[in-house]
Amino acid sequence: MDQKLRNADAPGVKSAVRAMSGYTLVQPDCPVKLNQNECPFDVPAELKREIVDEALASNWGRYPSFVPGEVKAAIGERHGLGPEHVLIGNGSNELIQSIFQAAVSTGDAVVLPAPTFTLYALMGRISGAEIRTVHLKRDLSFDVDRLEEESAQSDVRLVVLCSPNNPTGSMISPEDTARIADATAGLVVVDEAYFEFVGVSCIELLERHPNLVITRTFSKALGAAGLRLGYLVADPAVARELEKVKLPYNVNIISLIAARKLIGQDALIEERASMIRSERQRVFEALRGLPGIKPHPSHANFILFEAERPVAGIFHGLIERGVLIRDVSRYPMLERGMRVTIGLPEENDAFLEALREVLATQD
Ligand code: PMP
C-alpha cells in the first residue's frame, strides 16, 4: 500500500508504530496444537472449582484491593523475599511493557540477544529505543563477552535476557548474568517464563545485583495462560518505581484468587514439569533420528529444530496432517528453523508421525 495512504489511514499514530509489522499469529485450527508453548494440562477441575466458588462469593462491583498484598506476600515468600519485591501483572508481558515504559526513552539503547522473544524488540521500537542486537553464537549459546561489552555502553538503559530463551531453548547461567548486571548502568531483565523446565534462576542474585528484574509467568508450567497472570521480583527501590508505571487494578479479582491458589501447587507443578522434561528428551532423540532434521538441546518446554528442506513445505505438510507447530524461519539465524512445543505423549507421537510422513512424501 502507498505509504501516504497508510499514514492518512492512521492519523496521529507515531511513525515508530506505523513502521512496525506488529505481533501476529496465524492460527489454523488443528487438533494437535503445539505452537504456543502452552501447558498441555488444564488447571485441575477441583482447583478450578475452588477458584470459581471464591470468585462467586466476592463482589464483582468493587475494584480489587489497590495493592494485592496477600498475593504479593504469597509469591514473595516462595522466593524468601518480602512483598515489597513483587509486582503482579496481567501476564508477564504486561510487566515487561511497564519495564520498558519506566526505563527507556526515545534514543536510549536497549541490548537484546537475537534470536529471542520478539516482544522485547516490539516494546523497544514503541519506546523509540535504539536496539543493539547481540547474536547468539553458532551453537545458539549466549555470546556473553559481547553482551557484556554492549551492555557496558553508557547509553544502555535496558538489557533483556530470556532464559531459557524462546525460541532456541538455550540458557544463560546466573554467573554470566551477574557479569552483565555488573557491567551495565541500566536494568537487566531476566525473563524466566520457562524456569520450571530447567530449575535455574537468577532470583538469588537480586541481593547483590539490585539492577536485576526477574519475570515469571503462570502461562507455562502452571497451565494458566488463559488467566493472564505473571509477576516480577526486583529490588524494592526498583519495584517501587515500576509500580508507578503499571496500571492500577491491572489484575482482575478472579485472576488474583487463582494466583493465590496456584502459586503453592509445588507438587502439581513439579509432576507436570517433570513429565514435560522426560517427553522433551524422548522427542529430541526421535528428531535426532530423522533424516535431514537437526534438533537443538532445550531447557524449556519446546524444541527448536532445523531442516535441510525449506520450512514452508514441512510446516504446511504438518498442518495438513492436523499438527500445528511454529515456523520461526523469519527469526535471525534460523532460516531453516521450526519450534515444537512439548505436549502430551500422544500429541508428541502425532507430531513425530506426521513429520515422518511429510519427510517421506516430499522431495
Ligand atoms: N516470556 C516469554 C519468553 C514467552 O515466550 C512467553 C510466552 N509466549 C511469555 C513470556 C508469556 O507471557 P505471559 O506471562 O504474558 O503469558
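Side chains are part of it too, since the values below use all heavy atoms of this structure and drop only hydrogens, waters and symmetry mates. All residue numbers in this chain count up from 1 along the given sequence. These numbers come from a predicted model, not from an experiment.
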Taking all non-hydrogen atoms of both residues into account, name the closest pair between [X] and [Y] and its distance.
X      : Y      : answer
Val323 : Ala350 : CG2-O, 4.0 Å
Ala55  : Trp60  : O-NE1, 2.7 Å
Glu38  : Asn301 : O-ND2, 3.7 Å
Pro167 : Leu334 : CG-CD1, 3.8 Å
Val43  : Leu47  : CG1-CB, 3.9 Å
Gly343 : Met275 : O-CE, 4.0 Å

N/O donor-acceptor pair under 3.5 Å between [X] side chain and [Y] backbone:
X      : Y      : value
Ser151 : Leu147 : yes
Thr184 : Gly186 : yes
Gln97  : Asn93  : no
Arg208 : Ala178 : no
Arg78  : Ile263 : yes
Glu94  : Gly91  : no
Arg260 : Val71  : no
Asn165 : Ile172 : no
Lys220 : Phe195 : no
Asn166 : Phe117 : no

[X] with [Y], same ILVMFWY side-chain cluster at under 4.5 Å:
X      : Y      : value
Leu161 : Val156 : yes
Tyr120 : Ile131 : yes
Ile180 : Val134 : yes
Leu205 : Val86  : yes
Val111 : Ile126 : no

query = Under the side chain to side chain contact (heavy atoms under 4.5 Å, CB included) criterion, do Arg326 and Gln36 qualify, and how do the steps go?
reply = CA-CA 8 Å; Arg326 184 68 72 94; Gln36 279 185 294; 3.8 Å; yes
request  = Verify salt bridge (Lys or Arg N to Asp or Glu O under 4.0 Å) between Glu241 and Lys244, making sure each step is shown before the conclusion.
outcome  = CA-CA 5 Å; Glu241 298 307 316; Lys244 294 181 192 167; 2.7 Å; yes
Heavy atoms from other residues, nucleotides or ligands near [atom1] of [X] exceed 12 (cutoff 6.0 Å):
X      : atom1 : answer
Glu207 : CD    : no
Glu130 : CD    : yes
Gln153 : CD    : yes
Asn59  : CG    : yes

Going by heavy atoms in the side chains, are [X] and [Y] under 4.5 Å from each other?
X      : Y      : result
Ile314 : Arg309 : yes
Pro248 : Tyr63  : no
Glu271 : Phe41  : no
Pro115 : Thr168 : yes
Val238 : Pro210 : no
Leu304 : Phe302 : no
Phe305 : Leu290 : no
Val160 : Thr116 : no

Without placing hydrogens or testing angles, list every side-chain donor-acceptor pair under 3.5 Å for residues 99-110, not counting sequence neighbours.
residue: Asp108; atom: OD2; partner: Ser105; partner atom: N; Å: 2.7

ask   = Checking side chain to side chain donor-acceptor pair (under 3.5 Å) against Thr341, which of Asn35, Asn348, Asn37 comes through?
value = Asn37
note = Between Glu192 and the options Ser163, Ser92, Ser201, the side chain to side chain donor-acceptor pair (under 3.5 Å) test singles out Ser201
ask   = Any salt bridge between Arg240 and Glu243, counting N to O under 4.0 Å?
value =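 No, Arg240 and Glu243 are not salt-bridged.
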task = Using a strict cut-off of less than 4.0 Å between a Lys/Arg side-chain nitrogen and an Asp/Glu carboxylate oxygen, indicate whether Arg132 and Asp155 qualify as a salt bridge.
result =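 The answer is yes: the pair qualifies as a salt bridge.
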query = Arg179 and Asp182: salt bridge (Lys or Arg N to Asp or Glu O under 4.0 Å), yes or no, with the steps?
reply = CA-CA 5 Å; Arg179 270 175 60 191; Asp182 279 339; over 6 Å; no
message = Between Asp143 and His135, does the side-chain hydrogen bond (donor to acceptor under 3.5 Å, both in side chains) criterion hold? Intermediate values first, please.
response = CA-CA 7 Å; Asp143 191 338; His135 285 100; over 6 Å; no
How many angstroms lie between [atom1] in [X] and [atom2] in [Y], if you round to the nearest 0.5 Å?
X      : Y      : atom1 : atom2 : value
Leu212 : Glu204 : CG    : CD    : 11.0 Å
Ile342 : Ile303 : CD1   : CD1   : 4.0 Å
Ile276 : Cys39  : CD1   : SG    : 6.0 Å

request  = Any chance you could lay out the side chain to side chain contact (heavy atoms under 4.5 Å, CB included) test for His296 and Glu306, step after step, and finish with the verdict?
outcome  = CA-CA 8 Å; His296 290 272; Glu306 291 175 280; 2.5 Å; yes
Output side-chain donor-acceptor pairs under 3.5 Å for residues 280-288, partner residues at least two apart or in another chain, one line each.
residue: Arg280; atom: NE; partner: Ser298; partner atom: O; Å: 3.1
residue: Arg280; atom: NH1; partner: Phe197; partner atom: O; Å: 3.3
residue: Arg280; atom: NH1; partner: His299; partner atom: O; Å: 3.3
residue: Arg280; atom: NH1; partner: Ala300; partner atom: O; Å: 2.8
residue: Gln281; atom: NE2; partner: Glu285; partner atom: OE2; Å: 2.8
residue: Arg282; atom: NE; partner: Glu279; partner atom: OE1; Å: 3.4
residue: Arg282; atom: NE; partner: Glu279; partner atom: OE2; Å: 3.0
residue: Arg282; atom: NH1; partner: Asp349; partner atom: OD1; Å: 2.8
residue: Arg282; atom: NH2; partner: Glu279; partner atom: OE1; Å: 2.9
residue: Arg282; atom: NH2; partner: Pro345; partner atom: O; Å: 3.3
residue: Arg282; atom: NH2; partner: Asp349; partner atom: OD1; Å: 3.0
residue: Glu285; atom: OE1; partner: Arg288; partner atom: NH2; Å: 2.8
residue: Glu285; atom: OE2; partner: Arg288; partner atom: NH2; Å: 3.3

ask   = How far apart are the C-alpha atoms of Leu140 and Met333, what are their side-chain angles, what is the distance that settles it, and do they pass the side chain to side chain contact (heavy atoms under 4.5 Å, CB included) test?
value = CA-CA 9 Å; Leu140 302 180; Met333 302 174 69; 4.1 Å; yes
message = One pair to check against side chain to side chain contact (heavy atoms under 4.5 Å, CB included): Glu196 and Leu222. What are the steps and the verdict?
response = CA-CA 9 Å; Glu196 290 83 357; Leu222 278 82; 3.5 Å; yes
